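Down below is the structure, laid out as structure tokens.
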Amino acid sequence: MIDLNRFFNPRSIAVIGASRSPQKIGYVVLDNLQRARYQGCLYAVNPNIERVLGLHSYASVLDIDEVPDLAILAVPAAAVLSALDECGRKGVRAAVVITAGFRETGPEGAAVERELVECARRYGMRLIGPNSVGIINAAIGMNATFAETTPLQFDVSMLSQSGAVATAILDWARSIDLGFAKFVSLGNMADLNDVDCLDYLGDDPQTKIIIGYLEGITDGRRFMDVARRVTASKPVILIKVGTTGGGARAASSHTGALASSDAIVDGAFRQAGIVRAATMAELFDYTLCFSFSTLPRGPRVGVVTNAGGPAVMASDAIERVGLKLAPLSRDTMLALKERLPAAAATTNPVDLLGDAGADRYQLALEALAADDTVDSLLVLLTPQRVTEPERTARVISYLAREFAKPLIAVFMGGEAVDRGRKLLDEARVPVYAYPERAVQALAAMCQYTKYLEETAIAGAH
């Protein structure tokens with residue numbers, strides 16, 4: 001495994017191209033590091049200014065008294081090679097090149113990118129980028145990116161070939177109080193690549209879940225070997241794009257990535273235990289479910305609802321993705337029949353009727369959670385005049401902590417259920433706006449559970 005500690009745990013960082021203009025990336029990176037309260041030493045490098053954001057500005061990295069562990073390059077493309085050479089001469093061994101304008105622009109840019117790699121290798125330096133948004137280690141307050149937001153600290157780590165996709169995920173995550181452990185924008189992967197970072201995150205004790213956006217895979221065989229090792233202990237959720245003619249052309253002009261067919265990617269991911277998200281919506285949905293929920297034991301789902309239509313939608317979705325409606329035990333159905341209104345449905349899905357309050361939800365969910373035929377719980381709520389979205393959200397939040405089984409919520413509607421959704425987000429309960437998305441996320445978790453079981457059986461033989 002390649003040691004990336006200089007990137008993710010640097011004692012000192014030099015921002016080369018630091019600027020006093022808030023519109024410049026060199027300003028934003030330095031400002032983000034200060035706002036995140038980076039715990040190491042910060043150095044600003046720009047020969048044209050004396051001070052920036054309260055720091056003395058050095059004319060060159062060569063003028064800094066110590067050797068920075070990490071250099072962040074945010075200078076114009078024409079100046080990157082000379083700045084990188086100065087870093088090498090100084091003894092810097094890790095650099096992130098934020099600047100774009102290399103391989104993704106065509107043959108001339110690709111030639112300059114090769115020169116960057118040759119320069120780095122001459123000095124024993126490793127590179128992330130170019131064309132990178134930067135990197136984050138939330139544990140040490142290191143937000144060395146030009147993203148709009150600094151993530152909360154949590155146990156999800158992300159690698160991405162697209163900076164824009166990555167910053168969108170960071171912003172979305174902040175809106176639901178989901179944080180990150182580490183983040184790396186891979187850019188063009190001129191040197192360090194997707195496999196190197198996946199390998200590192202696989203051994204990172206602060207990372208429990210890895211998510212990512214890939215346009216190209218650098219070394220297919222090594223990728224598979226590393227992925228199999230990592231997925232044996234933590235989920236890996238990836239979206240792989242550039243699998244159509246148009247997508248491949250777009251990926252090539254974006255990061256210079258090479259294409260691979262959909263069928264090949266699907267097969268490889270299944271073999272390696274990677275959960276593949278087909279869309280950005282699925283990547284969000286799966287991240288939410290894996291982050292906030294425990295893994296299900298099996299495919300049997302118990303559904304609790306206050307409306308028949310959504311229950312039918314959920315039932316259809318459950319069967320479409322290969323899951324099953326749990327066959328409730330006779331004891332569970334009798335207990336529900338005794339305590340629910342006569343008109344309520346006590347088979348699965350359990351329909352509590354439109355006047356169901358939080359207490360009725362609690363009764364049904366506790367009964368299903370105690371039933372050995374149920375592996376996971378899906379609770380649906382639609383806003384009727386007497387519905388209690390906030391009280392019900394609090395009940396669900398409490399029960400999610402008490403249950404050993406996954407509990408996933410679907411609050412359908414708009415303003416009437418917004419506060420309930422927010423309460424569930426705060427309690428780290430996965431909540432969705434539509435049944436189909438919740439079921440798809442649950443199916444992804446079941447897929448990963450099945451993979452772990454199959455590999456364990458294979459390993460035993």
Side-chain angles (χ1 to χ4, degrees), residues 289 293-321 323-413 417 420 423-424 427 429-432 434-436 438-439 441-443 445-446:
C289 214
S293 182
T294 57
L295 289 174
R297 298 177 309 181
R300 301 168 301 178
V301 186
V303 180
V304 175
T305 182
N306 69 342
V312 175
M313 294 162 63
S315 300
D316 283 345
I318 285 166
E319 292 203 11
R320 271 198 303 268
V321 299
L323 302 181
K324 302 174 183 176
L325 282 169
L328 300 183
S329 70
R330 183 171 178 274
D331 287 346
T332 298
M333 287 189 287
L334 285 172
L336 289 171
K337 191 167 186 177
E338 286 176 5
R339 302 182 65 186
L340 292 179
T346 55
T347 55
N348 193 16
V350 177
D351 188 345
L352 305 177
L353 306 177
D355 62 346
D359 293 343
R360 204 179 293 173
Y361 270 99
Q362 181 168 353
L363 185 158
L365 288 168
E366 287 178 338
L368 267 63
D371 193 329
D372 288 338
T373 70
V374 177
D375 297 317
S376 59
L377 295 154
L378 183 67
V379 53
L380 313 174
L381 180 144
T382 60
Q384 319 295 336
R385 185 70 179 264
V386 294
T387 306
E388 301 174 314
E390 292 181 38
R391 271 197 70 211
T392 305
R394 289 191 179 94
V395 163
I396 292 169
S397 300
Y398 165 74
L399 295 176
R401 293 191 297 269
E402 297 295 308
F403 294 164
K405 299 174 182 179
L407 175 54
I408 299 169
V410 177
F411 274 37
M412 298 177 67
V417 297
L423 289 170
L424 291 166
V429 176
V431 58
Y432 299 88
Y434 306 105
E436 297 86 353
V439 170
L442 182 56
M445 290 208 301
C446 288

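Owing to the predicted nature of the structure, the values given are computational and were not obtained by experimental measurement.
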remark   = Nearest heavy-atom approach of Ala364 to Val350 is CB-CG1, 4.4 Å

remark   = Scanning both residues in full, the closest heavy-atom pair of Thr382 with Ala307 reads OG1-CB, 3.6 Å

inquiry  = Exactly one of Val303, Val410, Val321 should register a side-chain contact (heavy atoms from CB on, under 4.5 Å) with Val439. Which one does?
reply    = Val321

inquiry  = How close do Leu368 and Lys405 get, counting heavy atoms only, and between which atoms?
reply    = O-NZ, 4.0 Å

task = State, to 0.1 Å, how close Thr373 and Ala326 come at their nearest heavy-atom pair, and which atoms those are.
result = O-CB, 3.4 Å

note = In this structure, CD1 of Ile408 is separated from OG of Ser293 (nearest 0.5 Å) by 5.0 Å

message = As an exercise, state the distance from CZ of Arg360 to CG of Asn306, rounded to the nearest 0.5 Å.
response = 9.5 Å

request  = Working to the nearest 0.5 Å, report the span between CZ of Phe411 and OH of Tyr434.
outcome  = 15.5 Å

request  = Run the numbers on Lys324 and Asp375 for salt bridge (charged side-chain N to carboxylate O under 4.0 Å, His left out), then give the verdict.
outcome  = CA-CA 10 Å; Lys324 302 174 183 176; Asp375 297 317; over 6 Å; no

ask   = Any idea which heavy atoms bring Leu424 and Ala409 closest together, and the distance?
value = CD1-CB, 3.9 Å

key: Whether Asp371 side chain and Ser329 backbone form a donor-acceptor pair below 3.5 Å   = yes

inquiry  = Please find the pair of heavy atoms, one from Leu323 and one from Pro299, that lie closest to each other, and give the distance.
reply    = CB-O, 3.6 Å

query = Taking side chain as C-beta onward, heavy atoms only, is Leu399 less than 4.5 Å from Tyr361?
reply = no

query = Between Gln362 and Val395, is there a donor-acceptor pair closer than 3.5 Å when you use the side chain of the first and the backbone of the second?
reply = no

request  = Starting at CG of Asp372, measure out to CG of Leu328 and round the result to the nearest 0.5 Å.
outcome  = 12.0 Å

key: Close side-chain approach of Pro406 and Leu295, heavy atoms under 4.5 Å   = no

key: CD on Gln384 to CG on Asp355, rounded to 0.5 Å   = 9.0 Å

request  = Evaluate the side-chain proximity of Arg320 to Glu436: yes if any heavy-atom separation is below 4.5 Å, no if none is.
outcome  = yes

task = Only counting residues at least two apart or in another chain, list the ones meeting side-chain hydrogen bond (donor to acceptor under 3.5 Å, both in side chains) with Asp359.
result = Arg391

message = What's the separation between atom CG in Leu325 and atom CD in Glu319, rounded to the nearest 0.5 Å?
response = 6.0 Å

key: Student check: side-chain heavy atoms of Thr346 and Leu334 closer than 4.5 Å   = no

ask   = Heavy atoms, side chains only, cut-off 4.5 Å: are Met412 and Val417 in contact?
value = no

ask   = Can you pull the salt bridge (Lys or Arg N to Asp or Glu O under 4.0 Å) pairs that have at least one residue in residues 328-340, sequence neighbours excluded?
value = none

